[in-house]
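Only a predicted model underlies this, so the values are computations on that prediction, with no experimental measurement involved. Reckoned from all heavy atoms, side chains included, excluding hydrogens, waters and symmetry mates. Numbering of residues begins at 1 and proceeds along the displayed sequence.
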Amino acid sequence: MCELEAPEVFAVPKHGKVDILLEQPDESLRAEVQRAVRYCPTQALTLTEGTADA
């Protein structure tokens, strides 16, 4: 589900764990990432807020 909701951010191989393609996705992807976290069938994803290093 996460790959379907946010393919720019997540990839899921046939037999394996989720690969995170963008650890700090752009704000424009926020809605997609939130849906991916919400609909993750294994509840393996969380969304955390942070600040980038300047």
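For residues 27-37, the salt bridge (Lys or Arg N to Asp or Glu O under 4.0 Å) pairs, not counting sequence neighbours, are Glu5-Arg35, Glu27-Arg30, Arg30-Glu49. Residues in residues 7-19 take part in no salt bridge (Lys or Arg N to Asp or Glu O under 4.0 Å) pair, two or more places apart or across chains.
For Glu23, the CD atom is loosely surrounded, since the number of other residues' heavy atoms within 6.0 Å does not exceed 12.
Other cluster members for Leu29: Val9, Phe10, Val12, Val18, Ile20, Leu22, Val33, Val37, Leu45, Leu47, joined by side-chain heavy-atom distances under 4.5 Å among Ile, Leu, Val, Met, Phe, Trp and Tyr.
The two atoms that bring Ala36 and Ala6 nearest to each other are CB-CB, 4.4 Å, heavy atoms only.
Not a single side-chain hydrogen bond (donor to acceptor under 3.5 Å, both in side chains) links Thr42 to another residue, sequence neighbours left out.
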